[in-house]
2 protein chains.
Amino acid sequence: MTFEEAKDKFIHTWGTLATQWGINRSMAQLHALLLIAPEALATEDVMEQLQISRGNASMNLRDLMDWGLIYKQLKPGERREFFIAEKDIWKVARQVAKERRRREITPVIEVLNELKSIDADTPEAHEFQRVMVGLSGVVGFADNTLNAVIKAEENWLMGQFLKVFR
Amino acid sequence: MTFEEAKDKFIHTWGTLATQWGINRSMAQLHALLLIAPEALATEDVMEQLQISRGNASMNLRDLMDWGLIYKQLKPGERREFFIAEKDIWKVARQVAKERRRREITPVIEVLNELKSIDADTPEAHEFQRVMVGLSGVVGFADNTLNAVIKAEENWLMGQFLKVFR
DNA sequence: CATTTCTTTTAAAATATTTTGAAATTACAA
DNA sequence: TTGTAATTTCAAAATATTTTAAAAGAAATG
């Protein structure tokens, strides 16, 4: 496999994986492209390389910045903006963990706490409460795991732990 | 909040959360409904309670069975099929972890291994390879975490570990 | 078997999401 | 300022996904 083939395969694979996780293809492919780019790219570059429109590029570049996965880079003497991805992959993972926790886990924990506290006067209500308590446990585990990723400055500690389960 | 309100809120919340994770609303709501149902439900019941068509119900019930999250239950003397959800929430979590690992992580690991092994003769190719190696690490961590969930028969061990990171 | 009851399949419709392209806006330089 | 290059916005178009409804298929019953 040549480098060009590998690059295409990576961008394509990343785009496909992303859709399974509720992330749109353009955004994932943009991220993939910037991840492997040795230099910062201008909007025009990504438009051309991924064959997407200016509007699409602009919106998804912004979303990626909101996620903290890419940065704007200003080049002296250049008017247009360049974009560069965060290259420390563990930092990327921490960032994604942080955002997903904030956007998805935290709100769910709150709803579950609310639902847990109805009074269980009927059998149905009792069963319901049992399920809510169980779910709180699992969601709490997910929350802790994301926290583990977020807080692990080094990853050897996590590595040590995970050996236990192999 | 009454039990009925809580029930509706749960089904609705679960449906919303699911779409953020690339799972369709009907499937998530079906699962939510069955999770909190104290008795097995027939197709008609879920059609009525969620206001969805027979075909929709049929397809998503099958998908849920494929994920190992619900079971068919045959009642003596009854011709139609009833469905009951796996009620052990940790078992549900293990099942989801197992399936996502099989469907999403394992294939990505293979692609990354393939892409890691191109020869890095140019600076671009070298950068590319560096990223692939990094990603392998992160994906490997995800794989290990899912394995931890899958293999943890008891969850106290995981609980012990996670205290370290709090 | 034929009939009834229930389930599954599938093509079309409905809905939701993503992408485009052009206009509006912004930012900078002259 | 004014003009130009670049970015952002947003309504419309394209695409993808989900849902429906009706037909086909199975399974049980008499």
Side-chain angles (χ1 to χ4, degrees), chain A residues 11-12 14-34 39-67 70-84 103-104, chain B residues 11-34 39-67 69-84 103-104:
Chain A
I11 291 171
H12 176 265
W14 221 236
T16 305
L17 186 71
T19 55
Q20 295 182 307
W21 283 81
I23 293 156
N24 86 53
R25 209 179 65 225
S26 294
M27 181 164 151
Q29 291 190 341
L30 265 168
H31 188 222
L33 177 63
L34 287 172
E39 306 261 312
L41 300 181
T43 308
E44 288 282 355
D45 299 329
V46 302
M47 285 168 58
E48 190 185 347
Q49 292 209 45
L50 300 178
Q51 294 283 8
I52 61 175
S53 72
R54 183 174 300 284
N56 192 3
S58 171
M59 284 178 141
N60 283 302
L61 286 169
R62 179 138 68 90
D63 282 351
L64 284 168
M65 285 196 293
D66 290 345
W67 276 84
I70 66 172
Y71 312 109
K72 257 186 195 163
Q73 202 175 63
L74 300 170
K75 289 198 185 179
E78 277 275 17
R79 176 137 159 214
R80 48 206 178 129
E81 296 168 328
F82 290 78
F83 298 91
I84 192 158
R103 299 175 192 215
E104 292 154 21
Chain B
I11 290 172
H12 176 264
T13 303
W14 220 237
T16 305
L17 185 72
T19 54
Q20 295 181 308
W21 283 81
I23 291 156
N24 87 51
R25 209 179 65 224
S26 295
M27 182 164 151
Q29 292 191 340
L30 264 167
H31 188 222
L33 178 64
L34 288 172
E39 307 260 312
L41 299 180
T43 308
E44 289 281 355
D45 299 329
V46 302
M47 285 168 59
E48 191 184 347
Q49 294 209 44
L50 300 178
Q51 294 284 9
I52 60 174
S53 71
R54 184 175 301 283
N56 192 2
S58 171
M59 282 178 141
N60 287 118
L61 286 169
R62 180 138 66 88
D63 282 351
L64 283 168
M65 286 197 293
D66 290 345
W67 276 83
L69 302 179
I70 66 172
Y71 313 109
K72 258 186 195 164
Q73 201 176 63
L74 300 169
K75 291 197 184 181
E78 278 275 18
R79 177 140 158 208
R80 49 206 178 128
E81 295 169 331
F82 290 78
F83 297 91
I84 192 159
R103 299 175 192 214
E104 293 154 22

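The structure presented is a predicted model; accordingly, all values stated were derived computationally and were not measured. Side chains included, hydrogens not; waters and symmetry mates left out as well; all remaining heavy atoms used. Within every chain, numbering begins at 1; the chains are lettered A, B, ... in the order of the sequence lines, protein sequences first and strands thereafter.
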Q | A:Glu44 and A:Arg54: CA distance, side-chain angles, deciding distance, salt bridge (charged side-chain N to carboxylate O under 4.0 Å, His left out) verdict | A | CA-CA 8 Å; A:Glu44 288 282 355; A:Arg54 183 174 300 284; 2.6 Å; yes
Q.
Before you tell me yes or no, could you show the steps for B:Phe82 and B:Glu39 under side chain to side chain contact (heavy atoms under 4.5 Å, CB included), namely the whole-Å CA-CA distance, both residues' side-chain angles and the distance that decides it to 0.1 Å?
A. CA-CA 9 Å; B:Phe82 290 78; B:Glu39 307 260 312; over 6 Å; no
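The shortest distance between the side-chain N/O atoms of A:Ser58 and the OP1/OP2 oxygens of D:dT8 is below 4.0 Å.
Residues B:Phe83 and B:Leu34 come closest through the heavy atom pair O-CD2, 3.5 Å. The nearest pair of heavy atoms linking A:Ala57 to A:Met47 is CB-CG, 4.0 Å.
Between the CG atom of B:Leu74 and the P atom of C:dT7 there is a distance of 10 Å, rounded to whole Å. When rounded to the nearest whole Å, the span between NZ of B:Lys75 and C1' of C:dC6 equals 16 Å. Rounded to whole Å, the distance from CD on A:Glu78 to P on D:dA6 is 8 Å. Between B:Leu61 atom CG and C:dT9 atom P the separation is 13 Å, expressed in whole Å. Rounded to whole angstrom, the span from the CG atom of A:Asn56 across to the C1' atom of D:dC10 amounts to 14 Å.
If you check residues 43-50 of chain A against DNA chain C, you find no residue with a heavy atom closer than 4.0 Å. Applying a 4.0 Å cut-off to non-hydrogen atoms, the residues of residues 18-32 of chain A that approach DNA chain C are A:Asn24, A:Ser26, listed by residue number.
In this structure, A:Asn60 contributes its side chain and A:Asn56 its backbone to a donor-acceptor pair below 3.5 Å.
Below the 3.5 angstrom threshold, one finds no donor paired with an acceptor across the side chain of B:Arg54 and the base of D:dA21. For D:dA6, its base never sits under 3.5 Å from the side chain of A:Arg79 at any donor and acceptor pair.
The residue among A:Met59 and A:Arg80 whose nearest nucleotide of DNA chain D lies closer to the 5′ end is A:Arg80. Mapping B:Arg62 and A:Gln51 onto DNA chain C by nearest heavy atom places B:Arg62 closer to the 5' end of the strand.
A cation-pi arrangement is absent between B:Arg25 and B:Trp14 under the rule of less than 6.0 angstrom and at most 45 degrees off the ring axis. Geometrically, B:Arg62 does not engage B:Trp67 in a cation-pi contact defined by less than 6.0 Å to the ring centre and at most 45° from the axis.
Here CD1 of B:Ile23 is found 8.0 Å from CG of B:Leu17. Values are rounded to the nearest 0.5 Å. Atom CG in B:Leu69 sits 11.5 Å away from atom CG in B:Leu30 (nearest 0.5 Å).
Ranking D:dT20, D:dT7, C:dG21 by closeness to the A:Glu81 side chain, first place goes to D:dT7.
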